S.K.: 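Just dropping this structure here.
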Amino acid sequence: MAGGAQDKDGNVGSPAPKQKGRATVDTLKIGCIAMVVKDGKPRKAEILSIKETKSGRQFYCNFDNFNKRLDEWVPTARIDFTQEVEWPSPEKPKETKKAAAPVAKKTVAQKKGQKRPARTREASIASEASTPRPWPEFLESQKATPDPEGEEKLTLALDLDATPGAEEDDPMDVDEVVQSAVAAKAEPPQQYNREEEIEKLRVGGSMTQNQAEISRIRNISKVQFGKYELYPWYFSPYPEAFTQEDLMYICEFCLSYFADNKSYTRHRHKCTLQHPPGNEIYRDDYVSFFEIDGRRQRTWCRNLCLLSKMFLDHKTLYYDVDPFLFYVMTARDEKGFHLVGYFSKEKESVDGYNVACILTLPQFQRKGYGRLLIQFSYELSSIEGKLGSPEKPLSDLGLLSYRQYWTENLVEALIEANETDSKVSIDMLANNLSMTSQDVESTLQALQMQVYHKGEHKIILPMHLIKKHEAMKEKQKTKPKRVIDPSLIQWKPPVFTASSRTWGW
Ligand code: ACO
Ligand code: ZN
């Protein structure tokens with residue numbers, strides 16, 4: 001919920017006690033916390049907005065411990081006025097802005113001159129300020145556990161000499177490996193329960209830490225997109241007029257938006273686009289990928305960002321699309337190449353990110369497309385000869401998908417290494433999978449696969465993960481999982497001049 005002990009800069013302090021009292025339909029105001037029925041149960045909710053409708057007054061509620069995409073308009077009948085409400089705290093006098101607050105996106109050239117402190121992260125698509133949660137901290141809070149006592153494990157020797165940071169000029173990483181491994185051993189393990197974690201992430205608080213963003217309520221009710229009806233999850237900055245409509249229309253090919261069916265139908269008769277406006281760089285029997293330059297196709301890419309913002313809570317890139325490339329995945333039929341999902345990528349990322357934003361349109365989610373997008377992003381990094389990582393913070397669904405991808409690939413690589421009796425190191429795993437060693441390490445740690453025991457570093461492959469992997473392979477014999485075939489990628493890393501990376505007008 002937006003309230004609580006965090007101030008607008010995300011600082012935690014002890015909150016002033018809230019005034020409580022009974023409210024009525026007329027006195028319940030924005031900022032109040034009331035008991036509201038959701039899914040048949042009374043739950044704490046913050047009132048974010050109020051509107052008058054033909055059927056009476058409605059309140060836009062954000063529910064305690066529920067992700068912001070589950071916010072909704074509720075009629076008065078669902079509010080329990082017999083219970084006291086918490087009144088909003090009186091307005092505090094405005095603080096002077098902190099000089100360090102990241103307000104505008106820095107150009108690559110500006111960023112290049114700066115040396116980053118080790119292992120800090122900064123959202124680089126910040127056309128509006130937001131305070132990203134550092135990745136290791138996020139993972140830390142969801143630490144996984146070792147296997148139950150006595151479970152069989154496969155132990156692989158970790159070749160420390162080859163771990164990143166073993167060189168003299170950066171001894172930090174070695175220390176961190178040691179420390180985290182020791183810490184993993186010393187701390188009482190928490191039970192890693194996937195179902196619980198998913199539930200926690202599903203209902204968990206918003207990734208957005210920017211109060212201005214949190215208070216923005218979902219503004220589009222419903223979207224007609226090709227043959228699909230989409231129900232947006234989050235606010236997206238479409239023009240104000242569109243927010244009055246019960247249904248807005250988006251052309252699934254050029255992504256132009258329309259407030260009424262008549263103008264949309266007229267447009268559809270005229271629109272000749274049948275695929276995203278870029279080069280097709282990959283095609284298999286199932287999907288095609290197109291590469292689109294944000295600078296060359298500014299309108300299309302801005303429209304894509306507006307569309308995706310409806311399903312992305314914490315990334316705010318709408319207008320400055322020039323420094324990005326968009327890799328758009330489509331499914332083909334006789335009518336054309338239909339948008340399924342995409343990821344954006346900075347033309348030059350000083351942080352080594354290979355994905356800025358990633359999205360599968362909701363009608364295609366949980367069908368394996370996200371995995372294809374993620375694999376494609378790593379295949380591009382592999383062609384570039386780089387190690388890549390997605391931009392942080394990840395959303396709840398982003399974290400689940402990446403963790404699944406990383407786990408599957410690491411387990412597979414470790415099983416292979418064991419079969420061929422090869423020595424493994426974090427560095428080697430990172431290079432083979434085009435993942436950063438930090439992501440390899442955090443995944444191993446999250447799965448409690450990395451331990452420091454009797455002065456030796458070990459990677460442990462728990463038997464339950466091997467069994468799960470085997471079961472997955474067995475299942476794939478009857479229902480093969482779709483994967484990207486790297487030999488079908490027709491792509492060379494594009495080279496950009498400084499002027500074509502950023503604002504060009
Ligand atoms: N619940 C539980 N697990 C999930 C869920 C979910 N809702 N969604 C994905 N996963 C996990 C599962 O392990 C799944 O594998 P499985 O189905 O074999 O169990 C794995 O992730 C991959 O699932 P896919 O079907 O391949 O992924 P999908 O096509 O649904 O796309 C994505 C994932 C892109 C994150 C999608 O959920 C999405 O677009 N979400 C909204 C936008 C978003 O949050 N993007 C990420 C932001 S972070 C960033 O941009 C860098
Ligand atoms: Zn069109």
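No hydrogens, no waters, no symmetry mates; every other heavy atom, side chains included, goes into these values. Indexing begins at 1, ligand by ligand and atom by atom, following the structure's order. Worth saying up front: this structure is predicted, and the values here are computed from it rather than measured.
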S.K.: Between Lys477 and Glu474, does any side-chain N to carboxylate O distance fall below 4.0 Å?
M.R.: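 Here Lys477 pairs with Glu474 in a salt bridge, since their nearest N and O are under 4.0 Å apart.
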S.K.: I want to check a possible cation-pi pair here: Arg482 against Tyr286, using under 6.0 Å from ring centre and within 45° of the ring axis as the test.
M.R.: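 Yes, a cation-pi geometry.
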S.K.: Need the ligand 1 atom indices (1-based, order shown) with element for anything under 4.0 Å from a heavy-atom of Leu394.
M.R.: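 Checking each atom against Leu394, I get 48 (S), 51 (C).
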S.K.: Would you mind listing which atoms of ligand 1 come within a distance below 4.0 Å of any non-hydrogen atom of Cys357?
M.R.: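 Listed by number with element, the hits are 50 (O).
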S.K.: Just jot down the ligand 1 atoms closer than 4.0 angstrom to any heavy atom of Thr360, in number order.
M.R.: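 With Thr360 as reference, the close atoms of ligand 1 come out as 28 (P), 29 (O), 31 (O), 34 (C), 38 (C), 39 (O).
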S.K.: Taking the basic N atoms (NZ, or NE/NH1/NH2) and the acidic carboxylate oxygens, is any pair closer than 4.0 Å for Lys345 and Glu291?
M.R.: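 Salt bridge: no.
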S.K.: Quick one: pull up CG in Leu410 and CG in Asn432 and give me the separation to the nearest 0.5 Å.
M.R.: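 Going from CG on Leu410 over to CG on Asn432, the span is 10.0 Å.
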S.K.: Going by distance only, is there an N or O of Val355 that falls short of 3.5 Å from an N or O of ligand 1?
M.R.: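 Looking only at distances, the answer is no, because the N/O contact criterion of under 3.5 Å is not met.
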S.K.: Report the residue from Lys468, His469, Lys481, Arg403 that forms a side-chain hydrogen bond (donor to acceptor under 3.5 Å, both in side chains) with Glu408.
M.R.: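 The passing option is Lys481.
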S.K.: Name the option, out of Glu391, Glu408, Gln365, Lys309, that contains the heavy atom nearest to atom 36 (C) of ligand 1.
M.R.: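 Considering heavy atoms of Glu391, Glu408, Gln365, Lys309, the nearest to atom 36 (C) of ligand 1 sits in Gln365.
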S.K.: Output the list of atoms in ligand 1 that are nearer than 4.0 Å to some heavy atom of Arg371, sorted by atom number.
M.R.: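 The atoms of ligand 1 under 4.0 Å from a heavy atom of Arg371 are 15 (O), 18 (O), 26 (O).
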S.K.: Is the Phe343-Tyr353 ring centre distance short of 6.0 angstrom?
M.R.: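 When the ring centroids of Phe343 and Tyr353 are compared, they turn out to be at least 6.0 Å apart.
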S.K.: Record the part of Trp233 in heavy-atom contact with ligand 1 below 4.0 Å; permitted values are side chain, backbone, both and neither.
M.R.: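 For Trp233, the contact with ligand 1 is made by the side chain alone.
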S.K.: Heavy-atom contact check, 4.0 Å cutoff: does Ala356 meet ligand 1?
M.R.: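 So Ala356 counts as touching ligand 1.
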S.K.: Heavy-atom contact under 4.0 Å between Tyr405 and ligand 1?
M.R.: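 It does not; every heavy atom stays at 4.0 Å or beyond.
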S.K.: Rounded to 10°, how many degrees is the angle SG/Cys251-the Zn ion (ligand 2)-SG/Cys254?
M.R.: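 My answer is 110°, to the nearest 10°.
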S.K.: For ligand 1, which atoms, with element, lie under 4.0 Å from some heavy atom of Lys367?
M.R.: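 This gives 25 (O) as the contact atoms.
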S.K.: Check Lys392 with Asp351, please: is the shortest side-chain N to carboxylate O separation under 4.0 Å?
M.R.: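 Answer for the salt bridge query: no.
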S.K.: What part of Gln404, side chain from CB on, backbone N/CA/C/O, both or neither, has a heavy atom under 4.0 Å from ligand 1?
M.R.: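 Within the 4.0 Å criterion, Gln404 contacts ligand 1 through side-chain atoms alone.
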S.K.: With the threshold set at 4.0 Å, does a side-chain nitrogen-carboxylate oxygen contact exist between Asp322 and Arg298?
M.R.: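 Arg298 and Asp322: salt-bridged.
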S.K.: Nearest heavy atom to atom 29 (O) of ligand 1: which of Ser377, Gly341, Gly370 does it belong to?
M.R.: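 Of the listed residues, Gly370 has the closest heavy atom.
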S.K.: Shortest non-hydrogen contact from Val483 to Tyr282?
M.R.: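 The pair with the smallest heavy-atom distance is O-OH, 4.1 Å.
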S.K.: With atom 25 (O) of ligand 1 as the reference point, say which of Gly368, Ser308, Ser395, Pro362 has the nearest heavy atom.
M.R.: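 The nearest heavy atom belongs to Gly368.
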S.K.: So does Lys335 pair up with Glu252, basic N to acidic O under 4.0 Å?
M.R.: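 No, no charged N to carboxylate O under 4.0 Å.
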S.K.: Counting heavy atoms only, name the option from Leu399, Leu312, Leu397 that's nearest to atom 7 (N) of ligand 1.
M.R.: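 It is Leu397 that holds the nearest heavy atom.
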S.K.: With carbon and hydrogen excluded and only N/O/S kept, which atom of His267 is nearest the Zn ion (ligand 2)?
M.R.: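 Closest N, O or S atom of His267 to the Zn ion (ligand 2): NE2.
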S.K.: Apply the side-chain hydrogen bond (donor to acceptor under 3.5 Å, both in side chains) test between Tyr234 and each candidate in Asp71, Asn67, Asn219; give the one that qualifies.
M.R.: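 Considering Asp71, Asn67, Asn219, a side-chain hydrogen bond (donor to acceptor under 3.5 Å, both in side chains) with Tyr234 is found only for Asn67.
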S.K.: Mark up the atoms of ligand 1 that fall under 4.0 Å of a heavy atom belonging to Phe311, in ascending order.
M.R.: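 Per the distance check, 41 (C), 42 (C).
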